[in-house]
2 protein chains.
Amino acid sequence: MKKDKVMDLFVGYLREKVLQITKQREEIFRCFLSTDTHLSVEELYSLVRKKDPKVGQTTVFRTLKLLCEADIAKEVDFGGRVKRYEVKYGHKHHDHLVCTKCGEFIEAVDERIEELQDKLCKKFGFIPF
Amino acid sequence: MKKDKVMDLFVGYLREKVLQITKQREEIFRCFLSTDTHLSVEELYSLVRKKDPKVGQTTVFRTLKLLCEADIAKEVDFGGRVKRYEVKYGHKHHDHLVCTKCGEFIEAVDERIEELQDKLCKKFGFIPF
DNA sequence: ATTGAATCTGAAATTCAATTTCAAAAAGAG
DNA sequence: CTCTTTTTGAAATTGAATTTCAGATTCAAT
Ligand SMILES: [Mn+2]
Ligand SMILES: [Mn+2]
Ligand SMILES: [Zn+2]
Ligand SMILES: [Zn+2]
């Protein structure tokens, strides 16, 4: 299974930054990886609380930040004011088409668009995200 | 000058919706059109206050909404939590490359990208924004 | 094991843009 | 003018995100 490898990546990141591998961080990590959706912090917090009601929301915020830094999670902006996060590890880059009315979305990639975007970015000194 | 035409558009929109053409709405309209930047509400509010310190921030919010509905303004999302607005009337569609670190941005369009994006949207039943 | 320092946690407070509320002011109808 | 509707803006509220800080936990050195 892939999960062990991601866990290794997380553990590696924490070691590198001399941070501790705590119960809370492990639980949040597990809950996050157990989904394949685009979670808000609140939604992840709910999941975590089902497993351990004592984990604080603040820690969820903080751990998601760590997961992003470790390239395991990726912040995705769906236009609203709530940040959402998806699993990045093991998932190819993709774009989102989001309905501005109802929030419905789909994931899609067009290689030609990506290529042209890369060129456009390079031309202006930006690095595609 | 172009401004008269835009003003006509605004007035027309207000008439259509049976809304009044007030001092405040006129002033906010003028201040907004006097810039060619990507203003936050706060920034526009500052401009308006210089002309008339009695106008309230709430009215700036409300009027920007009207300007968007009238297709004179366009909300642009630069990734932060502050909404920004640019003049839409008389400006061609364009995309923004935004630096996620410093916020610096440039406007650019690539016709081929646009075309492919349109196709991609159509394929999935979305309407490009 | 004991101690002391550093790290981590989570409730609570704070921030800040955005929205809502509501009473007063202004505008329009008759 | 009088009555009704619309508009306004100060103040209150919301809600996600961040900050604060005292207590809990972990780690290292004895
Ligand atoms: Mn892409
Ligand atoms: Mn475009
Ligand atoms: Zn996705
Ligand atoms: Zn622009």
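Each chain gets a letter, A, B and so on, in the order its sequence line appears, and its residues count up from 1.
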Engineer: May I have the step-by-step check of side-chain hydrogen bond (donor to acceptor under 3.5 Å, both in side chains) for B:H94 and B:E86, ending in yes or no?
Structural biologist: CA-CA 11 Å; B:H94 58 269; B:E86 66 179 356; 3.1 Å; yes
Engineer: Ignoring the backbone of B:R25, work out which of D:dT7, C:dA18, D:dA17 is nearest its side chain.
Structural biologist: D:dT7
Engineer: With respect to the side chain of A:Q24, which nucleotide from D:dT18, C:dG10, C:dC8 is positioned closest?
Structural biologist: C:dG10
Engineer: For A:K65 and D:dT19, what is the distance between atoms NZ and C1' respectively, to the nearest whole Å?
Structural biologist: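 Taking NZ of A:K65 and C1' of D:dT19, I get 11 Å after rounding.
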Engineer: May I have the distance from A:F61 (atom CZ) to C:dA12 (atom P), rounded to whole angstrom?
Structural biologist: 17 Å
Engineer: For the pair made of CZ in A:R81 and P in C:dA18, what is the distance, rounded to whole Å?
Structural biologist: 10 Å
Engineer: What is the pairing partner of D:dT30, taking Watson-Crick or G-U wobble pairs with both distances under 3.5 Å in any strand?
Structural biologist: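 C:dA1 is the nucleotide pairing with D:dT30.
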Engineer: So, A:D52 and A:K54, do they make that salt bridge, N to O below 4.0 Å?
Structural biologist: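 Salt bridge: no.
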Engineer: Nearest-Å distance, CG (A:L19) to P (D:dC27)?
Structural biologist: 12 Å
Engineer: For A:I127, does the CD1 atom have more than 12 heavy-atom neighbours from other residues, nucleotides or ligands under 6.0 Å away?
Structural biologist: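 No, not enclosed.
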Engineer: Does B:T58 reach a base, just sugar-phosphate, or nothing at all? Heavy atoms under 4.0 Å.
Structural biologist: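 If one applies the 4.0 Å heavy-atom cut-off, B:T58 turns out to touch a base.
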Engineer: As a test of reading the structure: which of C:dG10, C:dA18, D:dA17 is closest to the side chain of A:V82, going by heavy atoms?
Structural biologist: D:dA17
